[in-house]
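What follows is a short report on a single structure.
Side-chain atoms are counted along with the backbone in the values below, which use heavy atoms only and exclude waters and symmetry mates. Just so it is clear: chains get the letters A, B, ... in the order the sequence lines come, proteins before strands, and each one is counted from 1.
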Number of protein chains: 2
Amino acid sequence: MDERAVLVEFGCRVRELRETRGLSQERLAELAHLHRTYIGSVERGERNISLVNIHRIARALDVASSELLMKSDGSKN
Amino acid sequence: MDERAVLVEFGCRVRELRETRGLSQERLAELAHLHRTYIGSVERGERNISLVNIHRIARALDVASSELLMKSDGSKN
DNA sequence: ATGTGACTTGGAGTCCGTT
DNA sequence: AAACGGACTCCAAGTCACA
């Protein structure tokens, strides 16, 4: 299933941005008003996250939500 | 609820891109492997769409999924 | 060709833990 | 601090009939 790769890609991007900000999953969860264990599973690409939660995490990381869907290097898709 | 505005914004963006391509909701649904009425409700901002479906629609419209989260004018968020 | 209300069900999302 | 599991609630997914 190629679909799962999208989720893994997204999760990696979140983790990357979170770590560069020196935040724990717990702290990010608070900021995004989401659960601690949920953030973890999202970063591992186990969850098919919905749009409002994408937006919440983006807000917590202080980036545009569109930026969470870009790969690290900014290449296509 | 400010959260719903995100969904409306997203739906408008999809509709915009679909219409500039001269596609019907029905045709877009086929291309994205989704249901006709589902596409409709997404465009109206009634659905909190998840990441894999965002990706499917993006593929069908031949754009990067990150582009579906940008406003028409390309401004912040 | 699209809007809409209603419906079932699988999974999103939470909460309790242990490792 | 993070991964992971079980049990739970509730909402997104997906479909339909009809306007």
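Close to C/dA12, at under 4.0 Å from its OP1 or OP2, lies no side-chain N or O of A/Asn53. A sub-4.0 Å separation between OP1 or OP2 of D/dC11 and a side-chain N or O of A/Ser50 is absent. An OP1 or OP2 oxygen of D/dG14 is reached within less than 4.0 angstrom by no side-chain nitrogen or oxygen of B/Tyr38. Of the side-chain N and O atoms in B/Arg15, one or more sit less than 4.0 angstrom from OP1 or OP2 of C/dG3. For A/Arg44 and D/dC4, the shortest distance from a side-chain N or O to OP1 or OP2 is below 4.0 Å. A sub-4.0 Å separation between OP1 or OP2 of C/dG11 and a side-chain N or O of A/Arg47 is absent. Applying the 4.0 Å criterion to OP1 and OP2 of C/dT2, one finds that B/Arg27 has every side-chain N and O outside that range.
The B/Arg56 side chain lies nearest to D/dG14 when the options are C/dT14, C/dT2, D/dG14. Nearest to the side-chain atoms of B/Thr37 among the listed nucleotides D/dC4, C/dA1, D/dT15 stands D/dT15.
Side-chain N or O atoms of B/Arg13 include none that pairs as donor or acceptor with a backbone N or O of B/Leu68 at under 3.5 Å. Side-chain N or O atoms of B/Arg21 include one that pairs as donor or acceptor with a backbone N or O of B/Leu61 at under 3.5 Å.
Atom pair A/His33:NE2 and C/dT14:P shows a separation of 12 Å (rounding to whole Å applied). Computed from coordinates, the B/Leu28 CG to C/dT2 C1' distance equals 13 Å when rounded to whole Å. As a whole-Å value, the separation of B/Arg36 CZ from D/dA13 P is 18 Å. In this structure, B/Glu30 atom CD and D/dT15 atom P are separated by 13 Å, rounded to whole Å. Rounded to an integer number of Å, the gap from CD1 of B/Ile49 to P of D/dA13 is 6 Å. Atom NE2 of B/His35 is separated from atom C1' of C/dA6 by 14 Å (rounded to the nearest Å). The distance between atom CG of B/Asn48 and atom P of C/dG10, rounded to the nearest whole Å, is 20 Å. When rounded to the nearest whole Å, the span between CG of A/Leu51 and P of D/dC11 equals 17 Å.
Ion pairing between a basic and an acidic side chain is recognised when a charged N comes within 4.0 Å of a carboxylate O; A/Glu3 and B/Arg56 show such pairing.
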Next item on the list: Dump the intermediate steps for side-chain contact (heavy atoms from CB on, under 4.5 Å) on A/Arg4 and A/Glu46, then the final yes or no.
Entry: CA-CA 8 Å; A/Arg4 290 288 138 180; A/Glu46 296 170 2; over 6 Å; no

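Note on B/Glu43: nothing from the nucleic acid sits closer than 4.0 angstrom, heavy atoms only. Nucleic acid contact class of A/Ser41 (heavy atoms, under 4.0 Å, all strands): none.
From B/Glu30, atom CD reaches atom CD1 of B/Ile39 across 11.0 Å, with rounding to the nearest 0.5 Å.
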